[in-house]
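What follows is a set of notes on a single structure, which appears directly below.
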Amino acid sequence: MGKYTKVRGMHDILPEEISKWQFIEKILTEIACLYGYKEIRPPLVESRTLFERSIGSESDIVSKEIYAFKDRKGRDIALRPEGTASVVRAFIESNMGTEKRIFRLYYYGPMFRYDRPQKDRYRQFYQFGVELLGGKHPFFDGEVVVMLHTIAKKLKIENYYFLVNTLGCLQCKTKFSNIIKSYFSEKLTHLCNDCQQRIISSPLRILDCKNPQCKQYVSDAPVIVDLLCYDCQNHFKRFEEYINAHSVPYKVDSHLVRGLDYYTKTVFELYVDQDENAIAAGGRYDTLVKQLGGHDIPAVGFAIGMERLIPLVKYEGPEKNFFYLACIGEEVKLKGAMIINEMRSKGLAVETDYEQTSLRSHLKTANKTGARWCIIIGEEEIKKKEFIVRDMISGEQITIPLDNHINKIQELLQ
RNA sequence: GUGGGUGUAGCUCAGUGGCAGAGCGCUGGACUGUGGCUCCAGGUGCCGGGGGUUCAAAUCCCCUCACCCACCCCA
């Protein structure tokens with residue numbers, strides 16, 4: 001047992017898992033590309049106040065889970081707990097917002113939250129997210145949902161569905177929030193401790209409470225869809241038209257509320273049957289850009305939790321299409337090394353073990369590395385100016401002349 | 001932040017006061033130019049860490065750390 005272990009909540013993604021990650025990452029970025037998204041890579045570190053102002057200082061993410069510290073000059077620094085705030089900050093800071101057009105940005109990387117670790121949940125975890133800035137049309141909301149739908153299909157996720165809801169524009173949201181506040185004020189003593197706090201800090205979150213006692217009162221609570229202004233009602237209706245037209249499997253859940261303060265109008269979550277946790281979620285945030293000091297620019301986006309997505313994806317494993325070169329005896333190793341170098345320069349993956357000398361131990365090693373073919377070269381082969389290629393699955397062997405061997409191997413691969 | 005569980009060989013685990021164990025893997029050999037199969041041989045170790053009880057502790061008690069699971073929260 002080694003002296004050093006992972007810091008609590010951290011995890012290594014080991015070589016045996018990484019090819020699955022890379023497979024999924026490739027599909028995500030390809031689809032993002034098809035939808036016109038460009039990658040943006042903000043730093044992992046931001047000033048703490050950025051998250052307080054965007055996500056909300058009362059939110060659990062900021063109040064309980066943020067990784068924050070002071071740097072050597074006493075600046076309040078935080079590791080990003082999510083991606084949207086950083087992307088919006090970069091968007092404003094680089095003056096993208098001054099240009100009147102739609103910006104589609106995607107990001108991928110680690111996020112940090114000081115959670116208690118549990119299954120597929122770590123303090124450093126990965127999110128892939130997209131942000132569409134500058135569009136207020138409900139079809140943009142639809143487009144990002146359809147993009148997520150496309151990703152789920154492409155990754156062959158089974159039995160997934162969306163929950164969607166609207167929170168209304170800032171006016172509707174505020175109005176509804178006050179209605180909820182007064183509705184629950186009368187029932188305050190029947191609510192759980194958390195909800196008694198929420199009625200002050202974020203009343204809408206009561207609608208999302210998992211406590212069965214609270215749920216009882218939530219089911220009779222006012223519903224936002226009935227109280228929306230004409231514009232918000234129409235926005236949600238058009239959004240539904242769009243996702244219906246694209247056959248997105250979804251249900252409206254009038255109690256769906258997101259835990260981040262910045263959402264307005266459309267919100268959505270992606271679930272898989274019999275799984276409590278959302279694997280992706282997002283929504284519209286029309287006031288955030290302005291709130292962070294930019295122009296009045298509407299936006300919509302989502303984020304996918306990679307650690308939650310990965311167990312749902314079936315992946316066969318990487319293709320074993322590389323060579324192992326076995327040199328029999330010390331004397332031919334330099335010759336073998338030159339062959340390896342030439343093969344690599346022509347794009348063929350080769351490895352070897354210079355410690356091994358006997359053919360038997362070479363073949364054992366080749367087997368362990370998972371090589372598809374083993375090239376065998378020894379004194380006899382050097383004399384005859386040829387070498388042997390052994391198929392490690394079938395055990396068949398063929399002899400190839402030493403000159404022009406790269407072309408011969410490439411022919412073999414066809 | 002709350003609750004439950006588990007820490008013993010590289011891995012999966014058995015051992016519940018009396019010599020530290022099994023299976024798998026690993027290394028070597030049978031087989032020094034042909035891997036996977038088979039057979040034979042071999043070492044596995046601060047029994048998570050610290051303290052206590054006892055003639056005697058992996059085992060009982062206390063503390064601590066880590067991991068797992070659930071809740072909360074979130075993606």
Side-chain angles (χ1 to χ4, degrees), chain A residues 1-11 55 58-66 80-84 108 110-130 148 163 192-195 197-198 202 205 208-212 214 257-260 267-272 275-283 301-312 324 326-329 332 353 356-382 387-397:
Chain A
M1 236 161 277
K3 186 178 176 185
Y4 293 106
T5 56
K6 293 182 279 286
V7 168
R8 186 164 166 79
M10 302 296 156
H11 72 302
I55 302 164
E58 298 296 323
S59 68
D60 287 283
I61 293 177
V62 171
S63 65
K64 297 176 188 166
E65 297 173 358
I66 203 148
R80 61 182 188 187
E82 56 106 51
T84 302
Y108 174 69
M111 307 295 163
F112 301 84
R113 289 182 203 174
Y114 197 87
D115 267 345
R116 188 89 170 254
Q118 59 182 283
K119 190 171 178 60
D120 299 326
R121 196 165 84 174
Y122 303 96
R123 290 179 179 178
Q124 175 178 321
F125 60 101
Y126 286 77
Q127 283 191 347
F128 173 91
V130 308
L148 204 42
L163 292 183
C192 70
N193 290 341
D194 285 340
C195 284
Q197 281 297 314
R198 282 173 184 146
S202 48
R205 298 277 313 287
D208 208 21
C209 186
K210 307 287 190 300
N211 190 311
C214 300
V257 175
R258 309 277 317 126
L260 290 75
V267 289
F268 55 86
E269 293 183 340
L270 174 63
Y271 283 88
V272 167
D275 200 338
E276 293 264 312
N277 293 317
I279 61 177
F302 68 74
I304 302 172
M306 288 296 285
E307 283 82 356
R308 288 193 185 164
L309 178 63
I310 277 168
L312 303 174
Y324 178 92
C327 294
I328 308 159
V332 294
D353 179 352
Q356 306 299 336
T357 295
S358 76
L359 179 56
R360 184 182 158 73
S361 61
H362 267 307
L363 282 168
K364 281 191 174 186
T365 308
N367 202 43
K368 279 182 203 166
T369 61
R372 180 67 180 79
W373 301 277
C374 184
I375 291 173
I376 300 167
I377 182 161
E379 298 288 356
E380 291 173 29
E381 284 70 28
I382 299 282
F387 60 66
I388 297 165
V389 179
R390 180 180 179 84
D391 184 320
M392 291 301 284
I393 295 170
S394 67
E396 284 171 34
Q397 293 188 171

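Every chain is numbered from 1 and lettered A, B, ... according to where its sequence line falls, protein lines coming before strand lines.
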Could you tell me whether A/G395 contacts a base, only the sugar-phosphate backbone, or nothing, with contacts defined as non-hydrogen atoms closer than 4.0 Å?
base
Mind checking the P distance from B/C61 to B/U16? Whole angstroms is fine.
15 Å
Kindly say whether A/P110 contributes a backbone atom to a donor-acceptor pair with the side chain of A/R80 at under 3.5 angstrom?
yes
Backbone N or O of A/G9 within a donor-acceptor pair of the A/Q124 side chain at under 3.5 Å?
no
Starting at NZ of A/K64 and ending at P of B/C73, how long is that distance when rounded to a whole Å?
8 Å
Are the side chains of A/R390 and A/I375 in touch, meaning some heavy atoms are under 4.5 Å apart?
no
Taking side chain to side chain contact (heavy atoms under 4.5 Å, CB included) as the definition, give me every residue that meets it alongside A/T84, ordered by chain and number, with sequence neighbours left out.
A/E82, A/V88, A/Y107, A/E131, A/Y262, A/Y285, A/L288
What residues from residues 117-124 of chain A pass a heavy-atom cutoff of under 4.0 Å to RNA chain B?
A/Q118, A/K119, A/R121
Return the set of residues passing salt bridge (Lys or Arg N to Asp or Glu O under 4.0 Å) with A/K368 (not counting sequence neighbours), or none when no residue passes.
none
When both distances are under 3.5 Å in a Watson-Crick or G-U wobble arrangement, the nucleotide paired with B/U32 is none
If you assign A/I393 and A/I328 each to the RNA chain B nucleotide with the nearest heavy atom, which residue ends up on the more 5' nucleotide?
A/I328
Tell me what A/I388 touches on the nucleic acid: a base, only sugar-phosphate, or nothing, going by heavy atoms under 4.0 Å.
base
Looking at B/A22, which nucleotide sits across from it as a Watson-Crick or G-U wobble partner, both distances under 3.5 angstrom, or is there none?
B/U12
Suppose we screen for side chain to side chain contact (heavy atoms under 4.5 Å, CB included). Which residues come up paired with A/L312, at least two apart in sequence or across chains?
A/I157, A/V272, A/I279
Determine if the base of B/U16 is syn or anti; take syn to mean the glycosidic torsion is within 90° of 0.
syn
Rounding to an integer number of Å, can you tell me how far A/E276 CD sits from B/C69 P?
15 Å
Inspect the surroundings of OH in A/Y114 and state if more than 12 heavy atoms from other residues, nucleotides or ligands are less than 6.0 Å away.
no
Please determine whether a side-chain nitrogen or oxygen atom of A/R205 lies at a distance below 4.0 Å from atom OP1 or OP2 of B/C72.
no
How long is the line joining CG of A/L359 and C1' of B/G36, in whole Å?
14 Å
Considering only atom C1', compute the distance from B/A41 to B/C65 and round it to an integer number of Å.
40 Å
Please work out if A/M111 contacts a base, only the sugar-phosphate, or nothing of the nucleic acid, heavy-atom cut-off 4.0 Å.
nothing
Touch check for A/E396, heavy atoms < 4.0 angstrom, all strands: base, sugar-phosphate only, or nothing?
nothing
B/A58: pairing nucleotide in any strand, Watson-Crick or G-U under 3.5 angstrom:
none
Contacts of A/I382 meeting side chain to side chain contact (heavy atoms under 4.5 Å, CB included) (sequence neighbours excluded), chain-then-number -> A/V332, A/K335, A/I377
To the nearest Å, give me how far apart CD1 (A/I55) and C1' (B/C73) are.
13 Å
Not counting sequence neighbours, which residues clear ring-ring contact (aromatic ring centres under 6.0 Å, His included) with A/F112? List them please.
none
Between atom CD1 in A/I66 and atom P in B/G1, what is the gap in whole Å?
16 Å
Mate of B/G1 across any strand shown (Watson-Crick or G-U wobble, both atom pairs under 3.5 Å) is B/C71
Between protein and nucleic acid, restricted to nucleotides 28-31 of chain B and to nitrogen or oxygen atoms under 3.5 Å apart, what atom pairs and distances do you find?
| unit_1 | atom_1 | unit_2 | atom_2 | d |
| --- | --- | --- | --- | --- |
| B/C31 | O2 | A/R360 | NH1 | 2.5 |
| B/C31 | O2 | A/R360 | NH2 | 3.4 |

State whether the number of non-hydrogen atoms from other residues, nucleotides or ligands found under 6.0 Å of A/Q197 atom CD is greater than 12.
no
Between the base of B/G33 and the side chain of A/E381, is there a donor and acceptor pair under 3.5 angstrom?
yes
Looking only at the side chain of A/R390 (C-beta and beyond, no hydrogens), which of the listed nucleotides B/C26, B/G33, B/G35 gets closest?
B/G35
By nearest heavy atom, map A/R116 and A/D208 onto RNA chain B; which one lands nearer the 5' end?
A/R116
Complementary nucleotide of B/G7, counting Watson-Crick and G-U pairs under 3.5 Å
B/C65
Run the ring-ring contact (aromatic ring centres under 6.0 Å, His included) test against A/F268 and tell me which residues pass, sequence neighbours left out.
none
Residue list, side chain to side chain contact (heavy atoms under 4.5 Å, CB included) with A/P311, at least two apart or on another chain
A/D120
Which value, in whole Å, describes the distance between the P atoms of nucleotides B/A9 and B/A22?
14 Å
Could you tell me whether A/I310 contacts a base, only the sugar-phosphate backbone, or nothing, with contacts defined as non-hydrogen atoms closer than 4.0 Å?
nothing
Just how far, in rounded Å, is C1' of B/C73 from CG of A/D60?
5 Å
Considering residues at least two apart in sequence or located in another chain, which fulfil the salt bridge (Lys or Arg N to Asp or Glu O under 4.0 Å) criterion with A/R308?
none
Classify the nucleic acid contact of A/A278 as base, sugar-phosphate or nothing, counting any heavy atom under 4.0 Å across all strands shown.
sugar-phosphate
Would you mind classifying the nucleic acid contact of A/E82 as base, sugar-phosphate or nothing, using non-hydrogen atoms under 4.0 angstrom?
nothing
Please determine, for B/A41, whether a Watson-Crick or G-U wobble partner exists with both distances under 3.5 Å, and give it or none.
B/U27
Tell me what A/Q397 touches on the nucleic acid: a base, only sugar-phosphate, or nothing, going by heavy atoms under 4.0 Å.
base
By ring-ring contact (aromatic ring centres under 6.0 Å, His included) - contacts of A/F302 (at least two apart)
none
Sugar-phosphate only, base, or nothing, as touched by A/F302 at under 4.0 Å among non-hydrogen atoms
nothing
Whole-Å distance separating the CG atom of A/N367 from the P atom of B/G36
7 Å
How far does the C1' atom of B/U44 sit from the matching atom of B/U38, given to the nearest Å?
24 Å
Mind checking the P distance from B/U59 to B/G18? Whole angstroms is fine.
11 Å
Distances under 3.5 Å only, N/O to N/O: pair up the protein atoms with those of nucleotides 63-66 of chain B.
none

In whole Å, what separates the C1' atom of B/A56 from that of B/C19?
13 Å
Pairwise P distance for B/C26 and B/A70, with rounding to whole Å
33 Å
Drop me the distance from A/D353's CG to A/Y324's OH, to the nearest 0.5 angstrom.
4.5 Å
Would you mind reading off the distance between A/Y114 atom OH and B/G1 atom P, rounded to a whole angstrom?
7 Å
Under 4.0 angstrom, heavy atoms only, what part of the nucleic acid is A/I304 near: base, sugar-phosphate, or nothing?
nothing
For the pair A/E381 (side chain) and A/G378 (backbone), establish whether a donor and an acceptor sit closer than 3.5 Å, ignoring hydrogens and angles.
yes
B/C60 versus B/U53 - spacing of their C1' atoms, nearest Å:
8 Å
A/D115 side chain, from C-beta outward: closest of B/C73, B/C71, B/G33
B/C73
